Visitor: 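Supplied in structure tokens, the structure appears directly below.
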Amino acid sequence: MKICIFGAGAIGGYMGAKLAQAGADVSLVARGPHLKAMRENGLRLIEESGETTVKVTASDNAADLGPQDYVIVTLKAHSVPPVVPKMRPLIGDNTTIVSGVNGVPWWYFHKIGGPLEGTRLETVDPGNAQWDGFGPDRVLGCVVYPAAEVIAPGVVKHIEGNRFSLGEPDGSKSERALALSKALSAAGLKAPVRPKIRDEIWVKLWGNLSFNPISALTHATLDVLCTDPGTREVARNMMLEAQAIAEKLGVKFPIDVDRRIQGGADVGAHRTSMLQDLDQGRPMEIDALVGSVKELGRVTETPTPTIDTVLALVALRGNIAGLYDT
Ligand SMILES: NC(=O)C1=CN([C@@H]2O[C@H](COP(=O)(O)OP(=O)(O)OC[C@H]3O[C@@H](n4cnc5c(N)ncnc54)[C@H](OP(=O)(O)O)[C@@H]3O)[C@@H](O)[C@H]2O)C=CC1
Ligand SMILES: CC(C)(CO)C(=O)C(=O)O
């Protein structure tokens, strides 16, 4: 089974190192000094259990790697649409694309059934680049739970978690989902195949939608913003608006907003990825995490006043920092 990880930074590097250590036929697409370091010295993974360095096949040119059974996309959400043409050499007749990207996935309305079937989302797939470029039938959904960081070129630090939930848009336990699950499990990762991947997407999104922009606006860590009465209320209102949208789309939440906020507080003094991006001058994932939920509000005719307000503020914050185009 040939697996290519496109965008092998923190998450893709973690997954790639684990697969390579397990002897899987895995290749990585990366760029810049990180790629150079991986090619020259291997990929170093720092985990609680210790450090390992593994030799990897890595390139910035998909044509070097050829058609794959699976392409696991671990780019930041806004980086995907412009690189779809560059991924073409990786895609053969039976290639599965696994979307390991936070936020509302571009394929959300594929095989959902009902009147919204096939709806495209401009915030996450401008110009239908992925829908038309990959074709939604290739897609296997994925919710990424681990936290990791590239701490130096060629060096990935794993922080916590090892679960990558997988799920077909139609909920089936397909052969391709089960085979990838087996390969990831053999690499020491948890990769359950879920019948209702959209339910899981929303529980993760609840946090990213609210905690991430609030942290970017206030510079507060998760423990603080989830317990301060003012920001907790803002997060709660955003989450309730999102819940109303999701429930109209048939999602069932296994927990309530207060438990989800408590879960955020329990993570501790964590700086969310959006705050880290702002601090380090990297483009912010505002469209995928917040703008997309506003768009879903319009699609489902659900009011989103708190989400709209926070989006306006964080969009301007990102724009002034030169990290987001409004
Ligand atoms: N990191 C985390 O802890 C978590 C991340 N996620 C999600 O996972 C996704 C990936 O995040 P993360 O791993 O942190 O992101 P990273 O930025 O660490 O990884 C993406 C990598 O792709 C590279 N890249 C971008 N464009 C190209 C290109 N055209 N060709 C080759 N390489 C390219 C980037 O290089 P460059 O640096 O040069 O741009 C970077 O190394 C995001 O949606 C994120 O929200 C989810 C859970 C936790
Ligand atoms: C906030 C958190 C930990 C979960 O919602 C996260 O995923 C992020 O930092 O992007």
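Remember, it's 1-based here, ligands and their atoms both numbered in the order they're listed. As the structure is a prediction and not an experimental result, all values here were calculated from the model.
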Visitor: Report the part of A148 (side chain from C-beta onward, or backbone N, CA, C, O) that has a heavy atom under 4.0 Å from ligand 1; answer both or neither where that applies.
Guide: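 Just the backbone.
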Visitor: As an exercise, identify every atom of ligand 2 less than 4.0 angstrom from a heavy atom of G207.
Guide: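 Near G207, the atoms of ligand 2 are 5 (O).
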Visitor: Using a strict 4.0 Å cut-off to heavy atoms of N208, name the atoms of ligand 2 that fall inside it.
Guide: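 Under 4.0 Å from N208, ligand 2 has these atoms: 2 (C), 4 (C), 5 (O), 6 (C), 7 (O), 8 (C), 10 (O).
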Visitor: Compute whether any side-chain donor of one residue and acceptor of the other, for T306 and E241, lie under 3.5 angstrom apart.
Guide: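 On atom types as modelled, these side chains qualify, holding a pair under 3.5 Å.
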Visitor: Verify the neighbour count for atom CD of E40: are there more than 12 heavy atoms of other residues, nucleotides or ligands below 6.0 Å?
Guide: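 Atom CD in E40 is packed in, count exceeds 12.
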Visitor: Consider ligand 2: state whether an atom of it lies below 4.0 angstrom from any non-hydrogen atom of R260.
Guide: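 Flag set, R260 near ligand 2.
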Visitor: If you measure from each heavy atom of N212 to ligand 2, is any distance below 4.0 Å?
Guide: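 It does; at least one heavy atom falls under 4.0 Å.
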Visitor: Could you tell me whether some N/O pair between E285 and ligand 1 is separated by less than 3.5 angstrom?
Guide: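 Looking only at distances, the answer is yes, because the N/O contact criterion of under 3.5 Å is met.
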Visitor: Does ligand 1 have an atom that lies less than 4.0 angstrom from a heavy atom of P146?
Guide: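 Yes.
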Visitor: Does a donor on one side chain and an acceptor on the other come within less than 3.5 Å for S59 and N61?
Guide: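 No donor-acceptor contact under 3.5 Å links the two side chains.
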Visitor: Using a heavy-atom cut-off of under 4.0 Å, does the side chain or the backbone of K204 touch ligand 1, or both, or neither?
Guide: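 For K204, the contact with ligand 1 is made by the side chain alone.
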Visitor: Under 4.0 Å, counting heavy atoms only: does M15 come that close to any atom of ligand 1?
Guide: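 Outside the 4.0 Å threshold, so no.
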Visitor: Roughly how far, to the nearest 0.5 Å, is the OG1 atom of T272 from the CG atom of L275?
Guide: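 Interatomic distance, L275 CG to T272 OG1, rounded to 0.5 Å: 5.0 Å.
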Visitor: Using a 3.5 Å distance criterion without hydrogens, assess whether the side chain of E47 forms a donor-acceptor pair with backbone atoms of H158.
Guide: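 Here the side-chain-to-backbone pair does not exist.
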Visitor: Of the side chain and backbone of A10, name the one, both, or neither that has a heavy atom under 4.0 Å from an atom of ligand 1.
Guide: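 Both backbone and side chain of A10 come within 4.0 Å of ligand 1.
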Visitor: So, taking the atom named CD1 in I307 and the one named CD in E295, what distance separates them when rounded to the nearest 0.5 Å?
Guide: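 Taking CD1 in I307 and CD in E295, the distance rounds to 13.0 Å.
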Visitor: Regarding ligand 1, does N102 bring an N or O atom to under 3.5 Å of one of the ligand's N or O atoms?
Guide: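 N/O-N/O distance below 3.5 Å exists for this pair.
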Visitor: Within 45° of the six-membered ring axis of Y108 and under 6.0 Å from that ring's centre, is NZ or CZ of R198 located there?
Guide: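 Checked: cation-pi criterion met.
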Visitor: S273 versus ligand 2: do any nitrogen or oxygen atoms come within less than 3.5 Å of each other?
Guide: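 Yes, S273 has an N/O under 3.5 Å of an N/O on ligand 2.
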Visitor: Heavy-atom contacts with H270 under 4.0 Å: which atoms of ligand 2 show up? List them by number with element.
Guide: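 Ligand 2 atoms under the 4.0 Å threshold to H270: 3 (C), 9 (O).
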Visitor: What do you think, any protein heavy atom under 4.0 angstrom from atom 13 (O) of ligand 1?
Guide: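 At least one protein heavy atom is under 4.0 Å away.
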Visitor: Say you draw a straight line from CG of D125 to CZ of F134; how long is it, rounded to the nearest 0.5 Å?
Guide: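 Between D125 CG and F134 CZ, I get 8.5 Å after rounding to 0.5 Å.
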Visitor: Mind checking whether A288 contacts ligand 1 via backbone (N, CA, C, O), side chain (CB onward), both or neither, at a 4.0 Å heavy-atom cut-off?
Guide: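 Neither part.
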Visitor: Answer with yes or no whether A30 contacts ligand 1, where contact means a heavy atom under 4.0 Å from a ligand atom.
Guide: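 Contact check A30 vs ligand 1: positive.
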Visitor: For ligand 1, is any non-hydrogen atom under 4.0 Å from E149's backbone (N, CA, C, O), its side chain (CB onward), both, or neither?
Guide: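 Contact part for E149 vs ligand 1: neither.
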Visitor: Using the salt bridge (Lys or Arg N to Asp or Glu O under 4.0 Å) definition, which of the options K111, R176, K196 pairs with E168?
Guide: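 Of K111, R176, K196, salt bridge (Lys or Arg N to Asp or Glu O under 4.0 Å) with E168 is met by R176 alone.
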Visitor: Using a distance-only test with no angle check, is there a side-chain donor-acceptor pair under 3.5 angstrom linking S273 and E285?
Guide: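 No, no side-chain donor-acceptor pair sits under 3.5 Å.
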Visitor: Within the structure, is a non-hydrogen atom of P82 found at a distance of less than 4.0 Å from ligand 1?
Guide: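 Distance cut 4.0 Å: P82 fails for ligand 1.
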Visitor: Give a yes-or-no answer on whether the side chains of S172 and S174 include a donor-acceptor pair shorter than 3.5 Å.
Guide: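 Note: S172 and S174 side chains miss the donor-acceptor criterion.
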Visitor: Which ligand 2 atoms are under 4.0 Å away from a heavy-atom of T272?
Guide: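 Near T272, the atoms of ligand 2 are 1 (C), 9 (O).
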Visitor: Report yes if some N/O of I11 lies less than 3.5 Å from some N/O of ligand 1; otherwise report no.
Guide: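 Yes; the residue has a nitrogen or oxygen that sits under 3.5 Å from a nitrogen or oxygen of the ligand.
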Visitor: Which protein heavy atom lies closest to atom 9 (C) of ligand 1, and at what distance to 0.1 Å?
Guide: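 Heavy-atom neighbour on the protein nearest atom 9 (C) of ligand 1: L75 O, 3.6 Å.
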Visitor: Would the distance check show the side chain of K190 and the main-chain N or O of S165 forming a donor-acceptor pair, the cut-off being under 3.5 Å?
Guide: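 Not at all, since once roles are kept as given, no pair shorter than 3.5 Å links the two residues.
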Visitor: Calculate, to the nearest 0.5 Å, the distance between atoms CE and CG belonging to M15 and L28 respectively.
Guide: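 These two atoms lie 11.5 Å from each other.
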Visitor: Would you tell me which option among K86, K76, K157, M87 has the nearest heavy-atom contact to atom 17 (O) of ligand 1?
Guide: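 Closest candidate by heavy-atom distance is K76.
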Visitor: Report yes if the distance between the aromatic ring centroids of W206 and F253 is under 6.0 Å, otherwise no.
Guide: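 Yes; F253 has its ring centre under 6.0 Å from that of W206.
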Visitor: Atom NZ of K18 and atom CG of L43: how far apart are they, to the nearest 0.5 Å?
Guide: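 It comes to 11.5 Å.
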Visitor: Below a 4.0 angstrom heavy-atom separation, can you tell me which part of M274, side chain or backbone, both or neither, approaches ligand 2?
Guide: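 Under 4.0 Å from ligand 2, M274 contributes no heavy atoms.
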Visitor: Which ligand 1 atoms does V83 reach within 4.0 Å, using its non-hydrogen atoms?
Guide: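 So the atoms of ligand 1 that pass are 29 (N).
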Visitor: Considering heavy atoms of the protein only, find what lies nearest to atom 10 (C) of ligand 1 and give residue, atom and distance to 0.1 Å.
Guide: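 Checking every protein heavy atom, the shortest distance to atom 10 (C) of ligand 1 gives T74 O, 3.2 Å.
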Visitor: Which ligand 1 atoms does A147 reach within 4.0 Å, using its non-hydrogen atoms?
Guide: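 Answer for ligand 1: 3 (O).
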